[in-house]
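Small disclaimer: the values here were computed from a predicted structure and weren't measured.
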Amino acid sequence: MSVAFARAREAAELGEVPVGAAIVLGGEIVASAGNRTLIDRDPTAHAEMLAIREAARVLGSERLIGCDLYVTLEPCAMCAGAISFGRLRRVYFAAADPKGGAVEHGPRFFAQATCHHAPDVYGGIREAEAAELLRGFFKERR
């Protein structure tokens with residue numbers, strides 16, 4: 001989770017919403033990323049999506065079986081779909097996202113009958129730290 005937080009802080013320094021993600025396999029970090037939607041001018045350039053793409057490239061497979069995702073904010077529906085299709089084993093997230101989250105909030109993607117694969121999910125890890133990072137970022141913008 002520390003690497004995910006480092007990527008979130010780097011994203012904030014670049015003016016991006018401070019969300020970071022890291023993918024781990026067998027105790028080794030395979031990929032990590034921070035949000036890049038503004039820099040890349042790409043609405044799909046969420047930290048999770050970028051980390052999943054990189055992990056798939058590094059591992060040479062679209063199936064990330066045995067991989068765990070650490071992310072600083074509850075994944076949205078788009079990212080939850082990618083997590084499911086990528087067959088990630090576990091998702092660990094820091095702050096809940098009642099407005100845009102899709103794991104424990106909103107559509108609860110992994111609980112849907114149409115979900116192909118549901119990872120184990122663990123939320124609230126370093127939640128206060130993630131919430132403060134996000135609050136501080138948006139406070140500066142107002």
Side-chain angles (χ1 to χ4, degrees), residues 1-40 42-141:
M1 189 62 86
S2 293
V3 171
F5 272 98
R7 296 301 163 268
R9 288 184 182 90
E10 290 168 2
E13 290 173 10
L14 297 171
E16 297 279 358
V17 174
V19 177
I23 296 181
V24 175
L25 176 63
E28 299 293 323
I29 296 171
V30 177
S32 66
N35 273 359
R36 286 199 326 244
T37 60
L38 300 174
I39 292 167
D40 291 359
D42 178 357
T44 70
H46 289 194
E48 302 97 306
M49 297 293 286
L50 297 171
I52 288 169
R53 289 176 192 150
E54 179 65 10
R57 186 191 68 73
V58 167
L59 297 173
S61 176
E62 75 284 4
R63 301 267 170 111
L64 304 177
I65 295 169
C67 290
D68 299 332
L69 171 69
Y70 293 81
V71 62
T72 59
L73 184 65
E74 177 182 354
C76 70
M78 173 184 69
C79 294
I83 290 163
S84 177
F85 284 118
R87 306 295 196 270
L88 280 100
R89 179 176 64 169
R90 294 184 192 115
V91 174
Y92 299 91
F93 71 86
D97 186 357
K99 184 177 178 184
V103 175
E104 292 184 349
H105 296 87
R108 299 177 191 241
F109 189 91
F110 301 132
Q112 300 303 314
T114 55
C115 179
H116 296 287
H117 167 77
D120 295 330
V121 176
Y122 305 92
I125 300 164
R126 296 172 62 178
E127 183 173 17
E129 182 181 355
E132 183 54 38
L133 182 62
L134 287 159
R135 262 193 305 275
F137 175 82
F138 287 113
K139 185 178 180 180
E140 287 181 15
R141 302 273 174 289

Practice problem: Return the set of residues passing salt bridge (Lys or Arg N to Asp or Glu O under 4.0 Å) with Arg90 (not counting sequence neighbours), or none when no residue passes. | Solution: Asp68
Self-check item: By salt bridge (Lys or Arg N to Asp or Glu O under 4.0 Å) - contacts of Arg36 (at least two apart)
Solution: Asp40
Quiz item: side-chain hydrogen bond (donor to acceptor under 3.5 Å, both in side chains) with Arg9: which residues, sequence neighbours excluded?
Solution: Glu129
Quiz prompt | Partners meeting side-chain hydrogen bond (donor to acceptor under 3.5 Å, both in side chains) with His117 (sequence neighbours left out) | solution = none
Identify every side-chain donor-acceptor pair in residues 28-35 under 3.5 Å, counting partners at least two apart or on other chains, and give the distances.
{"from": "Ser32", "atom 1": "OG", "to": "Arg7", "atom 2": "NE", "distance (Å)": "3.0"}
{"from": "Asn35", "atom 1": "OD1", "to": "Ala47", "atom 2": "N", "distance (Å)": "2.8"}
{"from": "Asn35", "atom 1": "ND2", "to": "Val17", "atom 2": "O", "distance (Å)": "3.3"}

Practice problem: Return each pair, listed once, that meets ring pair (Phe, Tyr, Trp, His ring centres under 6.0 Å) where at least one residue sits in residues 3-27; pairs must be two or more places apart or across chains. | Solution: none
Quiz item: Which heavy atom of Ala82 sits nearest a heavy atom of Met49, and at what distance?
Solution: CB-SD, 3.5 Å
Exercise. Would you please name every residue forming a ring pair (Phe, Tyr, Trp, His ring centres under 6.0 Å) with Phe85, sequence neighbours left out?
Key: His116
Non-neighbouring partners of [X] that pass side chain to side chain contact (heavy atoms under 4.5 Å, CB included), sequence neighbours left out:
X: Ile125; value: Met1, Tyr92, Tyr122
X: Cys76; value: His46, Met78, Cys79
X: Arg108; value: Ala111
X: Ala80; value: Phe109, Phe110

Exercise. Would you check if Leu88 and Ile52 make a side-chain contact, meaning some heavy-atom pair closer than 4.5 Å?
Key: yes
Exercise. Check whether any side-chain heavy atom of Leu25 lies under 4.5 Å from a side-chain heavy atom of Cys67, and answer yes or no.
Key: yes
Exercise. With sequence neighbours excluded, give me every side-chain hydrogen bond (donor to acceptor under 3.5 Å, both in side chains) pair touching residues 56-66.
Key: Glu54-Arg57
